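This structure is in C-alpha cells; I'll ask about it shortly.
Values reported hereafter were calculated over all heavy atoms of this structure, with side chains retained and with hydrogens, waters and symmetry mates removed. These numbers were taken from a predicted model, which means no experiment stands behind them. We're numbering straight along the sequence, starting at 1.
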Amino acid sequence: MAHITLPDESLPGIVGLFNFRPETAGPLQLLAETLLRGESPLTSGERELIASYVSLLNDTHFCHTSHGSAAMAHLGYDVSLIDDIKNGFQQIEISSKLRALLDIAAKVQKSGKAVTDEDIAAARAEGAGDKEIHDTVLIAAAFCMFNRYVDGLGTWAPQENEAYREMGQRMAFTGYVRFPVKADVVEV
C-alpha cells in the first residue's frame, strides 16, 4: 500500500501516481516520451536499456522491469531476458559503445560528479558523440527522479517479468503521452 491514499490502489508504480495527480503526469509523460522515443542518435531500445539499468541500480523494480520490457520489445527479445540486465548483458547483444555509456549512466546514478573525464574519453573511444553522452546522462538523471518518485511514495509493483509484457509493448510502440492525457491509461 502506498504512503498516500491513491484513488485506485490497483494501479502499480508510477501509473497510480499519475492517476493521483494528472496535472503533474502530463509533463512527466512528455519528458519520458522525449527522452526515450524522441530524436536521438541512440535507438529507443538502447535508451530503454539505460532507463532500465539505472532503475535496477536504484532498486526500483517497477521502472526496471517496465522499461526492461519496453527495451525487449524494441530489440526483439522476449521479456524473460530482462533478467539479463541484472547479469551484465551476457545474452542481450549490446555494443561496446553502449557498454561505455551504461558505465556513465551508472556513475550518474551515484552522483553526477562521479562522471570523470576518463569515463567520457572511454565512451568517445567507442564512438560516442556529444549527443549520445548528453542523452545518456539526462536519461540516467531523469530516471533517478522517476525512481525516487515511485519508491518515495511506496507504490507496489508486480514481481513477474511476464506481467510487464503488454505494458512494455505499449510503451515501446504507442509511447508515453496520451492525448488528451488520461492518467488511468499511462505508464512510465
Could R124 and D117 be called an ion pair, given the rule that one side-chain N must be under 4.0 Å from one carboxylate O? no
**OP:** Flag the pair D78 / R165 as yes when at least one side-chain heavy-atom distance between them is below 4.5 Å, and no otherwise.
**Re:** yes
Separation between CG (D84) and CD1 (I92), nearest 0.5 Å, reads 4.5 Å
More than 12 heavy atoms from other groups under 6.0 Å of CD on E9: yes
Check your understanding: Can you list the steps and then say if L31 with M145 is a side chain to side chain contact (heavy atoms under 4.5 Å, CB included)?
Key -> CA-CA 12 Å; L31 177 60; M145 177 195 64; 4.0 Å; yes
| Please walk me through it: do N161 and S69 pass side chain to side chain contact (heavy atoms under 4.5 Å, CB included)? | CA-CA 8 Å; N161 292 347; S69 180; over 6 Å; no
Item to complete: With side chain to side chain contact (heavy atoms under 4.5 Å, CB included) as the test, would you mind laying out the steps for V54 and N147 before giving the verdict?
Response: CA-CA 9 Å; V54 168; N147 298 159; 4.3 Å; yes
Compute the centroid of each ring, for F143 and then for H67, and state whether the two points are separated by less than 6.0 Å. yes
Side-chain donor-acceptor contact under 3.5 Å, N58 with T60: no
CG of L81 to CG of N87, rounded to nearest 0.5 Å, is 10.0 Å
Open item on the list: Counting neighbours of CD on E93 that are heavy atoms of other residues, nucleotides or ligands and sit closer than 6.0 Å, is the number greater than 12?
Closed with: no
* To do: Determine, stepwise, if the pair L35 / R47 fulfils side chain to side chain contact (heavy atoms under 4.5 Å, CB included).
  => CA-CA 8 Å; L35 293 177; R47 289 178 278 164; over 6 Å; no
When rounded to the nearest 0.5 Å, the distance separating CG of L56 from CG of L49 is 11.5 Å
To the nearest 0.5 Å, atom CE of M167 lies from atom CZ of R170 at 6.5 Å
Hits for salt bridge (Lys or Arg N to Asp or Glu O under 4.0 Å) against D83, two or more places apart or cross-chain, chain-then-number order -> K86
Rounding to 0.5 Å, atoms CG (L42) and CG (L98) come to a distance of 7.5 Å
Scanning both residues in full, the closest heavy-atom pair of L11 with W156 reads O-NE1, 3.4 Å
Contacts of E132 meeting salt bridge (Lys or Arg N to Asp or Glu O under 4.0 Å) (sequence neighbours excluded), chain-then-number -> K97
When every non-hydrogen atom of I139 is compared with those of A51, the smallest separation belongs to CG2-N, 4.0 Å
Using distance alone, with no hydrogens and no angle criterion, decide if S96 and R99 have a side-chain donor and acceptor under 3.5 Å apart.
no
*Is the ring centre of F173 less than 6.0 Å from the ring centre of H74?*
yes
Value for CG (D135) from CD1 (I50), rounded to nearest 0.5 Å, stands at 8.0 Å
